[in-house]
Amino acid sequence: MKAIIDCNSFYCSCERLFRPELKDKPVVVLSNNDGCIISISDEAKKLGIKMASPYFLSKPVIEKHGIATFSSNYNLYGDLSRRVMEVLRTLLPVNSVEVYSVDEAFLNLGHIPPDQLVNEALRIRTTVEQCTGISVSVGVAPTKTLAKVANHIAKKNKVETQCVTVLDTDKKINNALQQTPLGDVWGVGRRSALKLENVGITDAWQLKQMPQNWARTHLGGVVGVRLIKELRGEEAIEMDEELTNKKMITTTRMFGQPVRQLCDVKEAIATYTSRAAEKLRRQRSSAKTIYVFVVPKVQRDNETFSHGPMVGHHISLPCATSVTSQLIKHALQLTERLFEPGKEYKKAGVILSGLEPDETIQGNLFGSHVKNSQRFLMDIVDNLNFSMRNDILKFASSGTEKNWKMRQELRSPRYTTRWKELREVK
DNA sequence: TCTGGGGTCCTAGGACCC
DNA sequence: TCTGGGGTCCTAGGACCC
């Protein structure tokens with residue numbers, strides 16, 4: 001059996017941890033740039049706040065009810081996420097925990113006798129809560145996809161389920177699938193849901209009855225087949241326990257306000273490139289391809305929002321590197337090619353791909369024989385930035401003014417990762 | 001005025017190889 | 001005049017996830 005463990009309103013729970021007076025009070029957390037609402041406590045949900053909705057649309061409701069509102073504080077959430085995962089690892093055999101996202105992990109419960117699954121799930125839930133202060137929900141079922149369904153049900157009825165749902169018989173599984181709308185199935189997005197509704201399928205149980213060949217032609221090929229198998233209880237998505245390195249690394253942000261000057265865009269790109277290069281070195285890899293993109297401001301009608309057309313260029317480096325200065329040099333050349341005077345830009349970003357582990361970088365016959373020669377220097381920069389504070393050392397091209405920087409007006413202190421911002425107890 | 005950021009996997013099609 | 005068959009690798013774009 002597999003389990004998925006999912007933190008309840010994770011970002012809101014993190015904020016509440018250091019603001020106990022907000023327990024049982026409505027709380028929301030905003031995306032970068034204070035643009036969207038990306039975490040909602042149950043109390044705020046009851047007041048009608050919708051997930052991923054724009055902040056400015058909900059502002060009247062937020063003010064009316066005095067909903068506590070925070071900008072996102074990723075230093076805090078990242079640290080608490082790490083703690084939750086560590087507790088899980090202590091509770092389970094080696095290699096039974098697959099960290100799936102910042103607030104979710106799949107667990108392999110193959111070692112638990114069937115009649116003890118409920119107790120084990122409850123034990124995991126309470127231990128995580130005791131050790132970290134973060135409340136979680138647990139869904140248990142024969143496959144990952146069914147475990148996700150179970151988790152949904154646990155979350156929907158927190159009181160009756162005690163945040164734990166185990167689907168261990170066909171009857172329970174079918175019952176659960178019948179009350180699961182298509183869009184709530186893991187792997188069914190808006191597009192597929194629409195397609196399915198057009199042929200008269202509206203819930204997960206009906207989807208389970210579809211022939212695999214139909215899924216192969218109409219539901220994304222092998223992806224669709226896997227989905228149907230998983231719903232039928234056949235394991236088609238396996239556990240992936242080992243820590244795998246990323247295959248691409250992206251850093252992108254909306255600007256705090258639209259930007260018109262080439263120099264501002266270049267500063268932003270240099271800053272994002274530095275950040276991406278740090279991530280790259282942290283997993284001890286180098287990148288062969290660098291892609292830079294910008295998003296010009298678009299005229300919008302009030303009905304729908306769509307991300308503007310992004311325009312980008314990429315270059316392939318003769319030899320993979322993780323040295324910030326080299327990556328910045330190429331990124332800035334790309335930026336100059338992309339920038340059009342007179343236009344306003346809302347967003348920009350850098351994508352590093354073609355990643356290779358540092359030990360196995362392919363040399364280049366015509367290039368310098370010293371691979372990644374400045375790596376040593378970069379290690380020193382990383383260490384200083386890590387131990388002192390972010391960006392105590394940085395490249396001049398990243399700028400100092402940063403008038404493109406994102407808004408984060410409501411961020412809480414980084415209680416657990418900055419000495420200066422430690423919680424004080426009087 | 002104000003709508004996130006960072007990923008993954010898959011497929012089709014082109015270029016190229018023997 | 002005739003122009004195969006089987007394969008790999010790469011990339012762009014689509015769909016999806018949290």
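To find a chain, count down the sequence lines: A is the first, B the second, and so on, and within it residues start at 1. Please read all numbers here as calculations on a predicted model, not as lab measurements.
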Measure from [atom1] on [X] to [atom2] on [N] and round the result to the nearest Å.
X: A:Tyr291; N: B:dG5; atom1: OH; atom2: C1'; result: 16 Å
X: A:Gln257; N: B:dT1; atom1: CD; atom2: C1'; result: 11 Å
X: A:Arg216; N: B:dC10; atom1: CZ; atom2: P; result: 13 Å
X: A:Leu57; N: B:dT3; atom1: CG; atom2: P; result: 10 Å
X: A:Lys247; N: B:dC9; atom1: NZ; atom2: C1'; result: 8 Å
X: A:His152; N: C:dC17; atom1: NE2; atom2: C1'; result: 12 Å
X: A:Glu356; N: C:dC10; atom1: CD; atom2: P; result: 10 Å
X: A:Arg190; N: C:dA15; atom1: CZ; atom2: P; result: 10 Å

So which nucleotide from [options] ends up closest to the side chain of [X]?
X: A:Ser192; options: B:dG5, B:dT3, C:dA15; value: C:dA15
X: A:His314; options: C:dA12, B:dG5, C:dC16; value: C:dA12
X: A:Lys297; options: C:dA12, B:dG4, B:dC2; value: B:dC2
X: A:Met254; options: B:dG4, C:dC18, B:dG7; value: B:dG4
X: A:Ile249; options: B:dG7, C:dC17, B:dG5; value: B:dG7
X: A:Pro54; options: B:dG7, B:dT3, C:dC17; value: B:dT3
X: A:Tyr100; options: B:dG5, C:dC18, C:dC16; value: C:dC18
X: A:Val223; options: B:dG5, B:dC10, C:dC18; value: B:dC10

Roughly how far, to the nearest 0.5 Å, is [atom2] of [Y] from [atom1] of [X]?
X: A:Asn8; Y: A:Arg125; atom1: CG; atom2: CZ; result: 9.0 Å
X: A:Asp79; Y: A:Thr132; atom1: CG; atom2: OG1; result: 11.5 Å
X: A:Ser72; Y: A:Tyr11; atom1: OG; atom2: OH; result: 7.5 Å

So [X], base contact, sugar-phosphate only, or nothing? Heavy-atom distance under 4.0 Å.
X: A:Val188; value: sugar-phosphate
X: A:Ser53; value: nothing
X: A:Val350; value: nothing
X: A:Asp34; value: nothing
X: A:Tyr55; value: nothing
X: A:Leu30; value: nothing
X: A:Lys59; value: nothing

**Message:** Salt bridge check, A:Asp42 against A:Lys46: does any charged N sit closer than 4.0 Å to a carboxylate O?
**Reply:**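 Not counted as a salt bridge, because no side-chain N and carboxylate O are separated by less than 4.0 Å.
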**Prompt:** Got a salt bridge between A:Glu98 and A:Lys2, using NZ or NE/NH1/NH2 to carboxylate O under 4.0 Å?
**Reply:**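 Answer for the salt bridge query: no.
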Phosphate OP1/OP2 of [N]: any [X] side-chain N/O under 4.0 Å:
X: A:Thr250; N: B:dG7; answer: yes
X: A:Lys347; N: B:dT3; answer: no
X: A:Arg226; N: B:dC9; answer: no
X: A:Lys148; N: C:dC17; answer: no

**Asked** More than 12 heavy atoms of other residues, nucleotides or ligands under 6.0 Å from CD of A:Glu234: is that the case?
**Response**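 Yes, the 6.0 Å shell around CD holds more than 12 heavy atoms from other groups.
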**Prompt:** 5'-most contact on DNA chain B: A:Gly220 or A:Thr252, nearest heavy atom basis?
**Reply:**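 Per heavy-atom nearest nucleotide, the more 5' residue is A:Thr252.
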**Message:** Go nucleotide by nucleotide along DNA chain B from the 5' end; which of A:Met248 and A:Tyr11 gets its closest nucleotide reached first?
**Reply:**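 Closest to the 5' end, via its nearest nucleotide, is A:Tyr11.
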**Request:** Searching all strands shown, indicate the nucleotide that pairs with B:dC18 (Watson-Crick or G-U wobble; both distances under 3.5 Å).
**Result:**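 B:dC18 is paired with C:dG5.
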**Pairs satisfying side chain to side chain donor-acceptor pair (under 3.5 Å), at least one member in residues 178-191 of chain A, at least two apart** =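 Sorted result for residues 178-191 of chain A: A:Tyr100-A:Trp186.
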